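Hydrogens, waters and symmetry mates are skipped; everything else that's a heavy atom, side chains included, is used. Positions are given from 1, in the same order as the sequence printed here. Numbering of ligands and ligand atoms starts at 1, following listing order. Just so you know, these numbers come straight off a predicted model, no measurement behind them.
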Amino acid sequence: MSAINYSEKIPNNVNLSEDRTLQRALEQWQPNFIRWWDDVGPEGSTDFEVYLRTAVSVDPQGWAQFDYVKMRDYRWGIFLNPSDPERKIHFGDHLGEKVWTDVPGEHRANLRRIIVTQGDTEPASVEQQRHLGLTAPSMYDLRNLFQVNVEEGRHLWAMVYLLQRHFGRDGREEAAALLERRSGDENNPRILGAFNEQTPDWLSFFMFTYFTDRDGKFQLAALSESAFDPLSRTTKFMLTEEAHHMFVGESGVSRVIARTAQVMNELKTDDAQKLRAAGVIDLATLQRYLNFHYSVTIDLFGADQSSNAATFYSSGLKGRYEEGKRSDDHLLKGQTYKVLEVQGGQLVEKEVPMLNALNEVLRDDFIKDSVAGVERWNKVLEKAGIPTRLKVPHKAFHRNIGALAGIKVSPDGRVVNEAEWAAKKDEWLPTAEDRAFVASLMGRVVEPGRFANWIAPPVMGINRQPVDFQYVRFG
Ligand SMILES: [Fe+2]
Ligand SMILES: [Fe+2]
């Protein structure tokens, strides 16, 4: 059941050949997907053979398959975790009922919206990252970028499968539209803000895969609790892919910090200008990038109070992170949760019905998880004997969604006036000059085993290969 059939045009473990209509719909979509990949996928990579992992089954061991692949020939397909015939809905008004194998009419519009919104982020990130291959800091990093890119492509397939299989003609139209929107396009942008931002350099890429792919993890984890079983099974498998993306981000930033710390110690300085002159990224700039990516990413969880969030939960469409591990009643009626608002120029906590605050609940779970990784980055500084520490900003800092949208708050959580914001914002968020400096470091380093000056080599290679392995053959 979990083995993937690679003999078919579209690799799958869902017996696709038994559903001719669906197979035809997906086979019609497939060339459009390839056209999209050629158009806005990794620039100039058509002839590269990349040492990529491909799933051969959805078991954990199924990831053991690594080989050289031309990316446009990657076996994108449809992989669902096995179904559990006993699975019951475990939260919301339908608690205890059997999970749904198809979409109930009354939840159709909401489910479609959830799937389209998730699906839209997948191609968006490929588009955002399409130029990065031209400035890779090493062949190892180039390979990791490409692995992330093909897997985001596969995540798109995962969502398109659900749309085409369960939403009829609307689903086919949505599947087509997913290939038509473009990240950052004025007329036809991607749905969510963070996915229309640029990812112009590798520091942005590592911050993005650390923070924004982690948003993906939390959204997918919440959807994996869904009463709509195909969505649950699809997202469970996607989560195994997402883990690698966050690894790329966490280890990437960690290596940047390690290299900066090394040069700080060699030159015995923490002076940003001297460090920049030595070709490494000063810690203040790293902190500003962190502030930016963190704040833009926590906006993705949506408004702090949302009646949609309540509906999605009560109707069983979207659970909480690790719903099954929580010991409350899984109904949440009458319970409350604290959200922030501004009163008299100060941030204050306010108790609101928990059902309406589920976006905030998920955001707070995300925050806990991302803080843990920042602490691991700080360990690198600690080990190097450097007293500076990185810190995630206050959750009210630089927000654009919900009650905190547009309120000027410092990274340490003080409401500030326009004048202070204007005076300090260049200390808090990346400036055009920071971005230009980081861009100036970006140059292509792709000889096996060589690394750009601003980043340390990784501790080990991919799939137990040496660090100086030939991860990409340029053809
Ligand atoms: Fe993804
Ligand atoms: Fe991802």
[X]: which N/O/S atom is nearest the Fe ion (ligand 1)?
X	result
E152	OE1
E122	OE1
H155	ND1

Kindly say whether the aromatic ring centers of [X] and [Y] come within a distance under 6.0 Å.
X	Y	answer
F208	W202	no
H94	W100	yes
F33	W29	yes
F228	H107	no

Only N/O/S atoms count here: what is the atom of [X] closest to the Fe ion (ligand 2) called?
X	value
D213	OD2
E242	OE2
H245	ND1

Chi angles and distances behind the salt bridge (Lys or Arg N to Asp or Glu O under 4.0 Å) call for E242, R214: CA-CA 8 Å; E242 209 61 71; R214 188 175 310 272; over 6 Å; no
